[in-house]
Each structure stands twice: as C-alpha cells, then as structure tokens.
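Everything numeric in this text was worked out from a predicted model, so none of it was measured.
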Amino acid sequence: MNNHLRTIVISPMTTKSKKYPTRIEIKLDNKIAWVVIDQIRTIDKQRIIKILGRLSKPEINEVKAILKETFVD
C-alpha cells in the first residue's frame, strides 16, 4: 500500500519509553529505542526527512504480532 500512495503509514519511534505491550524495543545506532505501535498514523511521504534504519526480521515479526493482537484479535 505504501508504494502506491502519496501517504505512508508509520509508527513513531522514541528513545524514552517504558515497556508497554504496544511498544517494541529495538537497537538503533547502539542505543535502545522504542517503536510506538499505539500511535500509528498516516503522513505525507514528503514529511520523511531521512530513514534512520530498518527493522530486522524478528522485529518485523514482533510488530506484526502486536498489530494482530491489537487490531484483529
């Protein structure tokens, strides 16, 4: 979907968070960061300034599991 629209669905990241069920802890530039699944939003692609990194396959699987638990189950 993100490849065909002028908008993109994102989940913001932060370096300050507590361990919540809808937050995924990742390592970014040797720092702990959190993907904030509970604040998913759609933004215009022009707002993307730079890509900070990519999630690993296990991190992607964890995102999918939390999305499914939050929005499907």
Enquirer: Which residue pairs pass the salt bridge (charged side-chain N to carboxylate O under 4.0 Å, His left out) test when at least one of the two sits in residues 45-66, sequence neighbours left out?
Expert: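 Listed once each, the pairs would be none.
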
Enquirer: Just by distance, do the side chain of Asp29 and the backbone of Lys31 share a donor-acceptor pair under 3.5 Å?
Expert: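 No; zero donor-acceptor contacts below 3.5 Å.
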
Enquirer: Are Lys19 and Trp34 packed together at the side-chain level, in the sense that at least one heavy-atom pair is separated by less than 4.5 angstrom?
Expert: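 Yes, at least one pair of side-chain atoms sits under 4.5 Å.
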
Enquirer: Is the shortest heavy-atom distance from the side chain of Ile24 to the side chain of Leu55 under 4.5 Å?
Expert: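 No. Closest side-chain heavy atoms not under 4.5 Å.
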
Enquirer: Is the backbone N or O of Val36 less than 3.5 Å from a side-chain atom of Ser11, with the two atoms forming a donor-acceptor pair by type?
Expert: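 Yes: the side chain of Ser11 pairs with the backbone of Val36.
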
Enquirer: What distance do Ile37 atom CD1 and Ile66 atom CD1 have between them, rounded to the nearest 0.5 Å?
Expert: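 Answer rounded to 0.5 Å: 6.0 Å.
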
Enquirer: With the 4.5 Å side-chain cut-off for hydrophobic clustering, are Val35 and Phe71 part of the same group?
Expert: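 Linked within one cluster.
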
Enquirer: Calculate, to the nearest 0.5 Å, the distance between atoms CG and CD1 belonging to Leu52 and Ile26 respectively.
Expert: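 With rounding to 0.5 Å, CG (Leu52) is 8.5 Å from CD1 (Ile26).
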
Enquirer: Test of understanding: clusters of I, L, V, M, F, W, Y form through side-chain heavy atoms closer than 4.5 Å, transitively. Do Ile10 and Leu67 belong to the same one?
Expert: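 No, no single cluster joins them.
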
Enquirer: Ignoring hydrogens, what is the shortest heavy-atom contact between Met13 and Ala33? Give both atom names and the distance.
Expert: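 Minimum heavy-atom contact is CE-CB, 4.1 Å.
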
Enquirer: How about CD on Glu69, more than 12 heavy atoms from neighbouring residues, nucleotides or ligands closer than 6.0 Å, or not?
Expert: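 It does not: Glu69 CD has 12 such atoms or fewer within range.
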
Enquirer: Using the test side chain to side chain donor-acceptor pair (under 3.5 Å), find all partners of Asp38 that sit at least two apart in sequence or belong to another chain.
Expert: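 Partners of Asp38 by the side chain to side chain donor-acceptor pair (under 3.5 Å) criterion, ordered by chain and then number, come out as Thr22, Arg23.
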
